[in-house]
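Just so you know, these numbers come straight off a predicted model, no measurement behind them.
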Amino acid sequence: MSKEIIVNCDTRETRVALLENGKLVELHIEREERVVGSIFKCKVCNVLPGMDAAFVDIGLERNAFLYVADVIPEAIDEDEEGRRIDRRNLGIKDVLKVGQELLVQVVKGPRGTKGARVSTRISLPGRYLVLMPESENLGVSRRIDDSRERDRLKRIINACRPPNCGVIVRTEAEGKSEQDLRNDMEMLTRMWEQIREESARTKAPGLVHKDLSLIYKTLRDVFGSDVTRVLIDSKEEHAKALELVEMMSPKLKSRVQLYDSPEPIFDHFGIETEIDRLLRRKVWLKSGGHLTIDETEALVTIDVNTGKFIGTTSLNETILRTNLDAAAEIARQLRLRDIGGIIVIDFIDMTSAKDRAQVVNALEKAMRSDRTRTKISHISPLGIVEMTRKRTGATISETVGEACPYCQGRGRVASAVSISIEAERALKKVASESSARALLIHVNPVVAFHLIGQRGEVIEEIERRIGRKIYVRAREDMHAEKFEITPGDEKELEKTLLPYNRDDIVECRVVRDPYSTLPHATAWQDGYLLDLANGGRYVGQVVRARLTEIRRSWASAEVVVGREAERPALARSRS
């Protein structure tokens, strides 16, 4: 099987796609720094005996959830006098108290209205090993099925692991030399010592250790001898990736390559088209049948339908073929959408027990390539399969979408951030196809905030990257998911769109934006963004403002009062 890792790096988003035989099977998106895997020093805020859990402050917007089973290190332990005690009978009040400080690791990221889930059981993954401080466990990946190899790995780890530390041997360790494993162990041991030292210096709540970025975790966890190549479209990230691979697997360094074609990398591999399909509720199968995928707060339901497929020999054969086709596609969609939690699959009813067993076997076989832990139950006479897949954070649809304001949350539309990122890619594409030195883009005002950024930091970085001058203008009548790009002459656009001078007085309506904090606010002057240094108290009002700094897509201004406010405003014909 041919495996490729395709990496797209943009100003505010990194996307990693895993292709198997040219087909997209996994997609990971990172915008903000993910907290899963990071280690925090926390303070216990609330202990809830009724839930056998506590809420702890780790410094994020919402308190994290800490369950009692994630606090107690071992079921059987000894007290200070050496007496054996069974900790399985201890409640949350026996192990935690309000104000207590702990070192915790995020095991599930914030999702919806829920905060993160944390554990005191720290695990530090390396290339070949996972170090678990303050534990005694020694395990070997189930995917290493050779008993002699398992025994060899256990002997090596037992000889080099530090005291009071458990270890899990990862699949990638199979066949590796003792020196490779020892080097990985030494690296993880040093990391743990650094975490302990940083924890002693950190005041709760605070970040002690930040997990690796998406690209580096992908190289650590996915990139192996079975991956034919890694393509990265950023020179900076490509150079960093080479350094990491040089340390981890020098023999594979030649497989990490730079993509420098003018065509966007995801367009070149047809991944953008797949992403468009990714958010759809209906997924068509090769046979002509289709899946209907619905995500809810509690579980995900997948319904299998024959659709356009009418079969050739018999009804039973038509149903079986559709269900087998669906089993393979369901496994792919779960990985691709990163769906977790409880999953209920409604296959088409089958009268034959043999056919039902064949469908379950096909689903289990298709799920073996999924690195995320899954558990599949038997199939009912009605064709219902219940399964679970470990969930650590938001699904892809939750990452790139938000509740639709037009249907009050019954559906989903692309978020303003997603549209601004899409607009950024479109600007790059137009710039590569046009010789024009300036581009005008019209977007919805909500999208304009994110495309311009705080004090223009985003749009100026985009200008630097594509080598064009960009004029962003907002239009109230434009749909939130739409935008228009027009190439133009630099001097003509400046003359038309920037008829302002410093100290001009303009009339504008004050609004809030995602970046402003009081006393700052924002206003629009015929689609031109004004950053009002003292506009907070005037939100919702029409005011006169004096321009203090003028840029292509935005300007600094301040609300004027007193005699200065009596000066005539700039004629609207000039704007």
Side-chain angles (χ1 to χ4, degrees), residues 28 30-47 53-74 92 95-111 114-137 139 161-168 170 184-221 244 248 372-373 390-394:
H28 302 282
E30 183 178 71
R31 290 179 180 172
E32 300 175 353
E33 293 289 340
R34 289 188 63 190
V35 296
V36 176
S38 294
I39 298 173
F40 293 82
K41 190 173 185 180
C42 74
K43 182 175 290 187
V44 179
C45 296
N46 199 5
V47 176
F55 285 100
V56 298
D57 183 6
I58 62 175
L60 300 182
E61 182 179 353
R62 292 186 295 273
N63 287 342
F65 182 81
L66 178 59
Y67 184 56
V68 65
D70 294 321
V71 182
I72 303 171
E74 301 291 344
I92 194 70
V95 292
L96 290 181
K97 60 182 179 180
V98 174
Q100 185 176 345
E101 295 184 355
L102 299 168
L103 197 63
V104 296
Q105 186 172 36
V106 178
V107 294
K108 280 188 179 181
R111 184 171 183 265
K114 299 178 181 178
R117 180 171 174 176
V118 297
S119 173
T120 60
R121 297 174 181 174
I122 308 297
S123 63
L124 303 175
R127 178 65 170 166
Y128 308 117
L129 309 171
V130 178
L131 184 68
M132 300 179 294
E134 301 179 5
S135 174
E136 297 296 335
N137 297 330
R161 68 168 169 167
N164 300 320
C165 283
V167 177
I168 295 176
R170 307 184 71 173
D184 207 35
M185 180 72 77
E186 290 174 6
M187 183 270 292
L188 293 174
T189 303
R190 287 197 304 271
M191 182 187 297
W192 173 236
E193 289 300 323
Q194 291 170 359
I195 290 171
R196 292 178 63 184
E197 292 172 3
E198 183 63 26
S199 175
R201 294 190 295 265
T202 302
K203 184 178 180 181
L207 176 66
V208 174
H209 171 76
K210 183 167 64 175
D211 200 17
L212 296 175
S213 69
L214 177 59
I215 296 177
Y216 305 134
K217 281 193 285 188
T218 301
L219 292 173
R220 181 192 68 194
D221 299 339
L244 186 64
M248 294 191 313
T372 302
R373 187 170 68 247
K390 186 178 179 182
R391 179 167 60 196
T392 58

Carefully, step by step, assess N46 and N63 under the rule side-chain contact (heavy atoms from CB on, under 4.5 Å).
CA-CA 10 Å; N46 199 5; N63 287 342; over 6 Å; no

Stepwise side-chain contact (heavy atoms from CB on, under 4.5 Å) test for I122 and E134
CA-CA 8 Å; I122 308 297; E134 301 179 5; over 6 Å; no

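Between the NZ atom of K41 and the CG atom of L102 there is a distance of 10.0 Å, given to the nearest 0.5 Å. In this structure, the separation between CD1 on I215 and NE2 on H28 is 13.0 Å, given to the nearest 0.5 Å. Separating the OG atom in S135 from the CD1 atom in I168 is a distance of 8.5 Å, to the nearest 0.5 Å. The NZ atom of K203 sits 7.0 Å away from atom NZ of K43, with the distance rounded to the nearest 0.5 Å. Distance OG1/T202 to CD/E198: 4.0 Å, rounded to 0.5 Å.
F55 is linked by a ring-ring contact (aromatic ring centres under 6.0 Å, His included) to F65, counting only residues two or more places apart in sequence or in another chain. When the side chain to side chain contact (heavy atoms under 4.5 Å, CB included) test is applied to A116, the partners found at least two apart in sequence or on another chain are A64, V106, P110.
In this structure, R201 places its CZ atom where more than 12 heavy-atom neighbours from other residues, nucleotides or ligands lie under 6.0 Å away.
Without hydrogens or angle criteria, S38 side chain to D211 main chain gives a donor-acceptor distance under 3.5 Å.
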N/O donor-acceptor pairs under 3.5 Å from side chains in residues 186-193, not counting sequence neighbours:
residue	atom	partner	partner atom	Å
T189	OG1	M185	O	2.7

